[in-house]
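These notes concern the structure reproduced below.
Sequence lines set the chain letters: A, B, ... in the order given, protein chains first and strands last, and positions in each chain run from 1. Both backbone and side-chain heavy atoms feed into the values below; hydrogens, waters and symmetry mates do not. On a predicted model such as this, the values are computed, not experimentally measured, just so you know.
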There are 2 protein chains.
Amino acid sequence: MSSFDSMWSDLAPVGRDAGTGGYRRYAWTAADAALREWFRGEGEQRGLDVDTDRAGNLWAWTADPDAAAAAGQPGLVLGSHLDSVPDGGAFDGPLGVVSAFAALDLLRARGFAPRRPLGIACFADEEGARFGIACAGSRLLTGALDADRARSLTDDEGTTMAEAMAAAGHDAAGLGPDHAALRRIGTFLELHVEQGRALADPTDGDGAAVGVASSIWPHGRWRLDLRGRADHAGTTRLADREDPMLALAAAVLGARAAAERHGTVATVGKVRVRPNGVNAIPSSVTAWLDARGPREEAVRAVVADVGAAAGAAPVEESWTASTDFDAALRDRLSAALADPDGRPAPVLPTGAGHDAGVLSAAGIPTAMLFVRNPTGVSHSPAEHADPDDCSAGVEALARAVEALA
Amino acid sequence: MSSFDSMWSDLAPVGRDAGTGGYRRYAWTAADAALREWFRGEGEQRGLDVDTDRAGNLWAWTADPDAAAAAGQPGLVLGSHLDSVPDGGAFDGPLGVVSAFAALDLLRARGFAPRRPLGIACFADEEGARFGIACAGSRLLTGALDADRARSLTDDEGTTMAEAMAAAGHDAAGLGPDHAALRRIGTFLELHVEQGRALADPTDGDGAAVGVASSIWPHGRWRLDLRGRADHAGTTRLADREDPMLALAAAVLGARAAAERHGTVATVGKVRVRPNGVNAIPSSVTAWLDARGPREEAVRAVVADVGAAAGAAPVEESWTASTDFDAALRDRLSAALADPDGRPAPVLPTGAGHDAGVLSAAGIPTAMLFVRNPTGVSHSPAEHADPDDCSAGVEALARAVEALA
C-alpha cells in the first residue's frame, strides 16, 4: 500500500456521517481534534517539526524555517485544510494535505535534497462551516480577519469561536496576525481537487489530470433578514398575511435569474425559518446568498437584484476581491508540468475561495494545482477524483518542488 | 385578584422563551409536566377528582362520572389544552382551561348545583408541535389516531412519542381508544380565543365578545420531499445544477396562487434544508404544506396544484374532513348567550382544528365558544384577547352550563 493510500484509509472514517456518507469535520470539534492529531503523527513519523501558529494552523517543517528565512531562503510550503462543509466530500482539503506528505515521501525516495526548508501546512477552519467565515485560519494569520471579531463569532448553538478554541485547548487570547509564521513562507503551493469540470472537458482540459490556477473569482456571502408576522396558518386570511416565506421564494428565483442575466453564479443554500412550525406563518426567514463571478461589478449587480426581489437589503458577511495568482510562478509551474509532448499544463480560473487566495492577497508568492474531477461535483458525498489522477497530483507536486526548491 | 387573574399569572412564565416572548410548551416535556402539575393543583384545590386517561389527557370531575353515565346522565365537560405551537401565544388553549375553572368558581359563588357531573378537561398534545400530529390526545382517546402509529412518531431529535411519554411517567403501552373515558362525556364545550377577526369585525361580529362555532373547515398537512444534488455553490455552472431550493420557491409561490384561485388558505410554514450550508447547493429540501378551506374539493385542488408547481407528489401527513358541530346545541347556546336586546350570539366557522372537532367527529354532542381577538393574530407571541372579553367568556361558559346542566 502506498503512503498515499495508507493515509487516505486512516482519514476515511474521521467525522463521516453514517447516514449521508458525507463529512462533518467542523472547526474545533472532536472530529477536528482527531484530524489535527493525525497531522501531527504524520509529521512526526517523517521527522518533521510540527507546530501550531497563533491562529491555530498546523505546520510541519523539514528544517528550521526561521534560520532559513533569516538567511534569505524562506521555505516552500505545500498544504491545504482538513475541515469540511456539512456533508462534504473526502477530497476537498484532505487531498492537498495527503498529497503533500506523499510528495515528500516520493522526493525522499528519489534522494531529492531541497535547498530551502519544505513545509506542510494544514489551515484551520477553511470552510467556515461552523462560524460562517471561510478561510478563518489563514485570514487570522494574515490579519485579514480581525481577532476580536473572530473571537466573538458564534455557531448555531451560540458557542463563540473563543470558547470553541479554548475547549479544544487553543488559546484564543493569542489570535492576531502572526508575522513570524508568515515570514517563514517563501512560496505557498496548494493542491486541491478541481471543483468544476474544466479539466474533465475534452477541449478545455486537453486530457490533463492536473492544471494550474490562474485566479479566484471575486466572491462573497450576504445575509437576507426577511421579516414577517407570526400568525395562524388556518385562520389568517391571505390578504392579512405578512409571510416572509414569499420573500424567500422571490429571493431564490431572483438569484437564479440575476445570475443568468449577469453571467455569474448565485446560490441560496442556507435558510433559517422562525418558528418553523407546520401550522404557523413564519415570523421571520433568514436566507444566505453566495454569489461569485468573473467580474466584481457583475457580482455586485446580482446581489442588488436579489435584494430588490426580496425587498430586503443584503447584509455583507464576507467579501473577497478577485485574486490573481503570481503570474511568473503560474507560468513556471505550467511549463514544469508539461506533458511528454511538451504541452504546458492547462491554466484555469476557479469560483471557489481557498487559503491560497488569502495568502496571495497578503503578498506571498502563491500558486494552486487542481486535480481533475470527472463530474465536477464537490461539497457533496459524491465528490470524487480517480486514483490515477490523485497519483498524477502527487507526482505534479513533487515536480513542482523540484522546480521551486 | 379574581381566580381567573390568579391562574393566568401562575401560567404566564411556564415554557415562555425570554428571547421571543413566545411559548414553547411541547407535549411530554418539562414545561408540559409543569402545566399538568398546575392543572392537578387547580382541580384538587376545588375538591375535584383529577385523573389521567389512557391517552394522557387530564380530567377533573365534580362528581362520579361513571355512576352518572350509568344512570343516563353523562357529564358536561368544559376544557381545552395547555400546550403550544413553537413561539405560540398565551391564549390558544390555556384560555379555555382557565375559563373553565373560573366558570366553575362563578357558578359555585352563585350557588348553582348542576344536575349532572361537571368535568374540566385538558387535552394532551393538541398542537402536534413535537410529533407532527395535531390533536394527538383527543385522537388517541377516540381511536382516530392508531396507537402503534402514535408510539412510533418521532420528534426532531429522533425521540419517539412512546419514549417521551415514558420519560414523563406515562405508560405508552396503554394507548388506544378509551371507551370508559368517552362514555363519561355527555356534552363537550370548548372555549377558545378566536383565531381570526370575525367577531372584531363591526358587521360580522355585531359587537359581541363571544360567538358560537358552526363548523371547522376541512384541513390537512402534506410533506413535499424535494430532491436535488449537493454541489459547490461557487464552481457549479447554473446549467449543471439540480437545486431543490428552486422547487421550494415554486411550491411557496404556487401555494399562494392556488389558494387565491380556489378560495382557501395555504401555507408553507416549516422547511428543512440539507445540508444547509452557505456555500453548498442543497441535496434536499423538505417543505410542509398546510391547506384549509370551506370545501374539501377546493383544498384538494390546492394540494394538487402545489405538487405540480414543485414537481413532487405531496405526501399526506394528516387530513381532517369538515366538522359541523351539533346544530341543536349550537342554536341553544346562541340563544342562551343572546345580548340584552335579545340578539342571539353570532355563529361562525373556523379554519383551525380543535379537540372539539375530534370529539364531534366521534359522535359526541360538542360545541365551541370563541372569545373575540382584536387583531385576529394567533400562533404568535402577539396573540391577544382583552380582559373584558375574557371575563365575558367566563360568564358565557357559566351561562352555557346553567343552560345545559
Original post:
Looking only at atom types and distance, does a side-chain atom of B:D290 sit under 3.5 Å from a main-chain N or O of A:G234, one as donor and one as acceptor?
Top reply: no
Original post:
Considering only heavy atoms, which portion of B:V278 lies under 4.5 Å from any heavy atom of chain A: side chain, backbone, both, or neither?
Top reply: both
**OP:** Pick one of side chain, backbone, both or neither for A:L248, based on which atoms fall under 4.5 Å of a heavy atom in chain B.
**Re:** side chain
Original post:
Do the non-hydrogen side-chain atoms of B:Q195 and A:D231 ever get within less than 4.5 Å of each other?
Top reply: no
**OP:** Name the region of B:R24, side chain, backbone, both or neither, that has any atom closer than 4.5 Å to a heavy atom of chain A.
**Re:** neither
Original post:
Given that the side chain runs from C-beta out, which part of A:A266 has a heavy atom under 4.5 Å from chain B: side chain, backbone, both or neither?
Top reply: backbone
Original post:
For B:A129, is it the side chain, the backbone, both, or neither that has a heavy atom closer than 4.5 Å to a heavy atom of chain A?
Top reply: neither
Original post:
When only pairs under 4.5 Å are counted, which of B:D243, B:V265, B:V285 shares the most heavy-atom pairs with chain A?
Top reply: B:V265
Original post:
Where on B:A382 is there a heavy atom nearer than 4.5 Å to chain A: the side chain, the backbone, both, or neither?
Top reply: neither
**OP:** Tell me, for A:T375 versus chain B, whether the close heavy atoms (under 4.5 Å) come from the side chain, the backbone, both or neither.
**Re:** neither
Subject >> Region of A:R272 in contact with chain B, defined by heavy-atom distances below 4.5 Å >> reply: neither
**OP:** Find the one option among B:R229, B:R241, B:R223, B:K270 whose heavy-atom pairs under 4.5 Å with chain A are most numerous.
**Re:** B:K270
Subject >> chain B contact via A:R274 - side chain, backbone, both or neither, heavy atoms under 4.5 Å >> reply: neither
**OP:** Quick one: closest heavy-atom pair of A:N279 and B:H379, and the distance?
**Re:** O-ND1, 3.1 Å
Subject >> Heavy-atom pair count under 4.5 Å with chain B, highest-scoring of A:H219, A:E260, A:E317, A:R256 >> reply: A:R256
Original post:
So which of A:S380, A:G269, A:A230, A:G351 has the biggest tally of heavy-atom pairs under 4.5 Å with chain B?
Top reply: A:G269
**OP:** Say whether B:R292 and A:T235, considering side chains only, have a donor N or O and an acceptor N or O under 3.5 Å apart.
**Re:** no
Original post:
Do you know which of B:L238, B:D87, B:V85 has the most heavy-atom pairs under 4.5 Å to chain A?
Top reply: B:L238
Original post:
What part of B:E383 lies closer than 4.5 angstrom to a heavy atom of chain A: side chain, backbone, both or neither?
Top reply: neither
Subject >> Closest non-hydrogen atom pair between A:L253 and B:L253, with its separation >> reply: CD1-CD1, 3.5 Å
**OP:** Please flag which part of A:V271 lies under 4.5 Å from any non-hydrogen atom of chain B: side chain, backbone, both or neither.
**Re:** both
Subject >> Side chain proximity check, B:T267 to A:M245, heavy atoms < 4.5 angstrom >> reply: no
**OP:** Side chain from CB out, backbone as N, CA, C, O: work out which of these in A:E127 comes under 4.5 Å of a heavy atom of chain B, or both, or neither.
**Re:** both
Original post:
A:T350 versus chain B, heavy atoms under 4.5 Å apart: side chain, backbone, both or neither?
Top reply: side chain
**OP:** Would you mind telling me which of A:P244, A:P282, A:A250 has the largest number of heavy-atom pairs within less than 4.5 Å of chain B?
**Re:** A:P282
Original post:
Which of the residues A:T236, A:V268, A:V273, A:L289 is involved in the greatest number of heavy-atom pairs with chain B at under 4.5 angstrom?
Top reply: A:V268
**OP:** May I ask you to name which of B:S283, B:G128, B:S378 has the most heavy-atom pairs under 4.5 Å with chain A?
**Re:** B:S378
Subject >> Residue selection (most heavy-atom pairs with chain B, distance under 4.5 Å) from A:G196, A:G277, A:G88 >> reply: A:G277
